[in-house]
Amino acid sequence: MAELVLEEPMEEARPALGATALRRLLRKRLAMVCLVVILVIYLAGILAPLVAPYGYNKQELDNAFAGPSLAHPLGTDRLGRDMLSRVIWASQTTVIISAAAICTGGLVLGVGLGLLAGYAGGWVDNLIMRVADAFFALPDILLLLLITATVRPRVEDLFDKFKSWPVAGGLVGAGAPDYFLVFGALALFGWVGIARLIRSQVLSLRESDYVLAARASGASMGRILARHLLPNVGNIIIVSVTFSLGAMAGTEIMLSWLGIGITYPHPSFGGMIYDGSELSSLRAHPHLLLVPATVVALLLFAFNLLGDALNDVLSPRRR
Amino acid sequence: MQGILPFAVRRLVWAPFVLLVVSLATFALGRFGPGDPVETLQGQYHNPEVVERIRHERGLDDPFFVQYGRYMWDVAHGDLGTSFTYTGVPVKDIIFEKMWVTIQYNLVALLIIFAIGIPAGIWAALKQGTWQDPLTISTFLFFRSVPVLVIIPVLQFIFALKLGWLPSGGWVERDILGLKIGILDKRIIMPILALSLPGIAGVARLMRALTLQVLDEDFVRTARAKGLREVVVISRHVARNALLPMTTIVGFALVGLLGGSLFVESLFGIPGIGQFTWKAVLNSDYDVIMAVTLITATAFIVANLVTDIVYGFIDPRVRLGGGGPRY
């Protein structure tokens, strides 16, 4: 979403046989490496309570700013908290938020509205695409700032009502309102790119013979969208979800860097990078920046490379 | 070429609608948000009567739509409102000064993006099938993937702290022919680097794809067949044709750079529009936020429109607009 529109236009993706595409993907060693990197970071994030050697807030004040050691492989920060554990917990934050935002904003809103706009045409298409334009025309960081700042007190009020409930209360204490806010803001923007891609593909698909045949045999619009068009844009969905997951993670990091994403006491990459990049800290303890920066760089780079590889594999007409 | 005029008109009709949605959303978010600019202005121990008076003078106690209508009416008459934090200064007096700062180094960054991206894209296309092609593209892709707020401290760490070549930030203006120019100082090298590195990947990939398309054309084969040197074939026949669609993304690229400016400016201490906007958000300086949003959105819509139209002229095969059956 925060991207320039500099991407080369995605080729019309022809449905390749799933198995052929998979085999071609498996042959790309770089893509496999990327997949492994992503899986490792995601698994570490999801299984954080099991994998992380320490809690994210476990302080050892007499061992602050320590370098790598056996007990703390990546050193400790200014409060003596284990950097490895904090990175693992921070990836949990990123994973939860980007995955949730993609599932709702990207897959439901983006795919749904893209299909609808492309197939229905006319004023429906115009309305959807102009709203998309409005989202696109806004400086997204600015709007995200405004939204999270404006809506936060309201969401917190709402969640406060559940505080006394048994399970939900624990969630609220664990910072659920923060997650909800950032995820909501991201989802609100996440649909635009995917919807545009799908729409342009559907524009040409809807003229194809099989759609005509379906329409002639009296299939309803919902059926045509779900049974005939959706499977044929599957390739585009896979590719753009891969890219978007990376972009969402990047935006989440920006928001928490600006101090409006996930806040204390939960660790987040943005917050860690912010703490590490003050010049005084950078001079004396560069590992405070380099550890989270390396993980972020690896994760986002892997998403982009994997997206490229998938794009190659799934659109056979491109060489 | 017939399709273009009605298409342009159709888009122009929609443009005010987009601006309206954008402005209403921003206005509502500002007004209903937490934080009160008057209280920010008056400090923690403010006199309620004074606050009330200022609110009345600025019309903040009117109904929402009255406020919105008044603001838009003023905008239509060239008045972008008054800043709260810079007490009483008209927004347009500050905002264009700040924008000038940002635009200066953004333009330089844009130039660098194209100056590196275009040759890199052509080179990658020519080396297709070898290891140089993916390596070139992935290198630039790396800088695109990593958020700018990671790139900047790493650059500062390397060039300012370890090597000591460049100062870690700042903005020094010189007076040249009455214009305040800030890009002639070595302080600006790192900000420009940080801003342009992520942009190169997009241009390089697009250029690569365009070049590959042109390389397949018959006229390239003809040029080679008649014995032209490869340099001439590439520069005269391939590059020139591939560059044509490239012209359409310049506008987008510039508008896109503005987003990164927020981080660049706060980390390098450059008094530009990005930092200014961020402060305005923190202080709920409504009119400044509105003005920035409106200007950016207008710029984006114009860039969008120009791009579509130019693209239609360059390549008539592009289908314009979505509605109706396929022609």
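Reminder, nothing fancy here: chain letters follow the sequence lines and each chain counts from 1. Below, all heavy atoms of this structure are taken into account, side chains as well, without hydrogens, waters or symmetry copies.
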> What part of A:Leu305 lies closer than 4.5 angstrom to a heavy atom of chain B: side chain, backbone, both or neither?
Replying inline: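 Backbone plus side chain of A:Leu305, per the 4.5 Å heavy-atom cut-off to chain B.
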
> Are more than 12 heavy atoms from other residues, nucleotides or ligands located less than 6.0 Å from atom OH of A:Tyr274?
Replying inline: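 Not buried by this count: 12 neighbours or fewer within 6.0 Å.
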
[Y] backbone acceptor or donor facing [X] side chain under 3.5 Å:
X: A:Ser244; Y: A:Ala247; answer: no
X: A:Arg206; Y: A:Gly118; answer: yes
X: A:Thr93; Y: A:Pro267; answer: yes

> In terms of heavy-atom pairs under 4.5 Å with chain A, which of B:Ile151, B:Ile152, B:Leu294, B:Leu149 leads?
Replying inline: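 When all of B:Ile151, B:Ile152, B:Leu294, B:Leu149 are compared, B:Leu149 has the most.
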
>> Between B:Leu19, B:Ile137, B:Val148, B:Val150, who has the most heavy-atom pairs with chain A when the cutoff is under 4.5 Å?
In response: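 Option with the top pair count is B:Val150.
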
> Using non-hydrogen atoms only, which part of B:Leu141 is less than 4.5 Å away from chain A: side chain, backbone, both, or neither?
Replying inline: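 Its backbone and side chain both get close to chain A.
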
